[in-house]
Amino acid sequence: DLNLSARFVALSACNTANFDVTSMAQDLPALAAAFAVAGVPATLGTLWPVDSETGKQVVASAFERLRAGLGPAAALAEAQRAFLANPPDRAWLHPRFWAPFVVMGDGGVAVADAPEPGAVTVKSVEVLAGDGEVYAIARDRNQRLVHANGSRSPTGGYSAVTSLTEADRPAWTRTNSEFGTSKLLAQTGGRIVVGGSRVLAREQIRPVLEALDATTGAPVATWQDETIAEPVALLQGGLQIDADRAVFGVVTLPLPRQVGASRPALYVYETGGALTPRLLFRGESPSNLAIDGVTFTRLGENLLLTYSARSVFPYPEHPDLVDDFDLTTCGQDSFTRVELRGLADGKLKATADLRGHLINAAVAASGGKVLLGGSRQLACASDARAVVLAVDDRLRIQTLFADAALGASDVRTLASLPDGRIFAAASKDNRVDYGAIDPANRDIARLLYSGMAFVVDRNGKASPPTYLNAATTLLVTSSDASDAGDILLGGAVGDTPAIFHLSASADRARR
């Protein structure tokens, strides 16, 4: 179930001086085949237990020759010859010592393939200070804005950290320990507007905005909603409309004792840098499920809006499990509503429903379309799988990409490349089969993610995904693809905020 990028794996079991010719490794071909399925072209194994000293010398010598440029087969052969030329003792010349090593798979010299047209490659990973993840990232020429989690605050949540980098040098950093982070990051009225949610009490949360001076990062204005009657209201999603306006959404989350009693609400506001938000409209969840995911995209003089509903563990009983894409949601299907509304007045013009879908990201594309990214779960017992959909101004919907690889997945971010292609990154489940895991640890295992990135070309065709793996949870959250040679993908490695630097090769049409 792994996605490995290694070109060679050595399985060098040791069993000092305990030789049994009846114990041939019958399972070795199957194990080597499993590594091949995981992406490893050549595997070294042993046909019977090996002496520790022999294993150390032969395997270490083979790796030295691999680094010198030999293929696995030639590297092993030379290592075995070197061992025979200088054995620890004459007894080690017996084949039982040096002969069990075999290379299965492609033993030739690895030849680097030219990047496939449109493929995404990983350049580097930039680790930031703090805990949590990068929630929003934006770039304008030589400036880079990042909105991320900082260290844990005294209230138990995370502080919000906004930073500006100019020409790869830190310009300023603003840390606010009074409210948590959201995906809202906009530049309006010459100010930088960020948003989050403030915990006032155990069962009371309010949406908050903060406007920062673009030059110094100093706070110049704040806003906290006091009009929404529901006790738990979270800021979700936002979009910069132009140089003077941004829109954002606020969703209400029912308390555990209120689940099913009323429909969660969605409030959509327009604001400028002065932070005097104007309510555009109020909507409700398309079902009694909590709203978990709101996107906004400008489509001419209209606003294309999506909001998804699904079963979640309501705050505050399970605050760490509210936003985990692969938790089982049996009982009611996931549901996304797509709406087209007037940008000036919020008036509803058209609506469409996507059953079984969760939408997390949206971006304007060529041809007057909007691409939506998220996941689709066809049946309750099946995994949610990442999808990219195209929507036009008549809300006709077409599937462009659907993940077919094993394991749950979910597109988390979309961004436009300069040539009109769309960059996409998704969370990918690290595990497929939970059956063998101790039930007490099963929820922990479900929270381990890897990632994948790909590009959708102007004809709607997706490139093969590039997998992002680590020895810990890896999250992808936000992106900026304004430079195809340095795509910024915000997220986290483990509990540490990080920015993945990627590149996308030119597509076949441009070549």
Any donor-acceptor N/O pair, S308 side chain to I359 backbone, under 3.5 Å
yes

Salt-bridge criterion met for R421 and D419 (N-O under 4.0 Å)
yes

Short question: side chain of T413, backbone of A425 - any donor-acceptor pair under 3.5 Å?
no

Contact summary for L395 and V338, nearest pair of heavy atoms
CD1-O, 3.8 Å

Is there a side-chain contact between V268 and L279 in this structure, where contact means two heavy atoms from C-beta onward sitting under 4.5 Å apart?
no

What are the two closest heavy atoms between L358 and D410, and how far apart are they?
O-OD1, 4.5 Å

With sequence neighbours left out, write down each residue that passes side chain to side chain contact (heavy atoms under 4.5 Å, CB included) with D225, or none if nothing qualifies.
R206, P207, W223, T227, I228, Y269

Any sub-3.5 Å donor-acceptor pair from S463's side-chain atoms to V455's backbone N or O?
yes

Heavy-atom pair of closest approach, residues G485 and K123:
O-NZ, 2.7 Å

Distance-only, no hydrogens or angles: does the T295 side chain make a donor-acceptor pair with backbone N or O of N360 under 3.5 Å?
no

Are any side-chain N or O atoms of K183 and backbone N or O atoms of S478, one a donor and one an acceptor, separated by less than 3.5 Å?
no

Decide yes or no for V250 and V294: does some side-chain heavy atom of the first lie under 4.5 Å from some side-chain heavy atom of the second?
no

With D480 via side-chain hydrogen bond (donor to acceptor under 3.5 Å, both in side chains) - residues at least two apart:
R139, S482

Any sub-3.5 Å donor-acceptor pair from D392's side-chain atoms to R396's backbone N or O?
yes

Which atom names give the shortest non-hydrogen contact between G195 and F179, and what distance separates them?
C-CE1, 4.2 Å

Listed partners of R385 passing salt bridge (Lys or Arg N to Asp or Glu O under 4.0 Å), at least two apart:
none

Compare every heavy atom of G368 with every heavy atom of L299, then report the nearest pair and how far apart it is.
CD1-O, 3.6 Å

A386 backbone acceptor or donor facing S409 side chain under 3.5 Å
yes

Check this for me: does any side-chain nitrogen of one of K461 and D457 sit under 4.0 Å from a carboxylate oxygen of the other?
no

Are any non-hydrogen side-chain atoms of M452 and T466 less than 4.5 angstrom apart?
no

Can you name the closest pair of heavy atoms from T173 and S163 and give their distance?
OG1-CB, 3.7 Å

Are K369 and D393 within salt-bridge range, i.e. N to O under 4.0 Å?
no

Contacts of D244 meeting side-chain hydrogen bond (donor to acceptor under 3.5 Å, both in side chains) (sequence neighbours excluded), chain-then-number -> none

Under the side-chain hydrogen bond (donor to acceptor under 3.5 Å, both in side chains) rule, what pairs show up with a residue in residues 232-242, not counting sequence neighbours?
D242-R245

For A274, check side chain to side chain contact (heavy atoms under 4.5 Å, CB included) against everything at least two apart and list the hits.
none

Decide yes or no for S503 and I487: does some side-chain heavy atom of the first lie under 4.5 Å from some side-chain heavy atom of the second?
no

R376 meets the side-chain hydrogen bond (donor to acceptor under 3.5 Å, both in side chains) criterion, sequence neighbours left out, with T399

Who are the side-chain hydrogen bond (donor to acceptor under 3.5 Å, both in side chains) partners of D213, not counting sequence neighbours?
T216

Would you call R337 and D353 a salt bridge, taking side-chain N to carboxylate O under 4.0 Å as the test?
yes

Does E210 have any salt bridge (Lys or Arg N to Asp or Glu O under 4.0 Å) partners at least two apart in sequence or in another chain, and if so, which?
R174

Listed partners of R191 passing salt bridge (Lys or Arg N to Asp or Glu O under 4.0 Å), at least two apart
none

Tell me every residue that passes salt bridge (Lys or Arg N to Asp or Glu O under 4.0 Å) with E226, counting only those two or more places apart in sequence or in another chain.
none

The side chain to side chain contact (heavy atoms under 4.5 Å, CB included) partners of E126 (sequence neighbours excluded) come to L128, R144, I499, H501

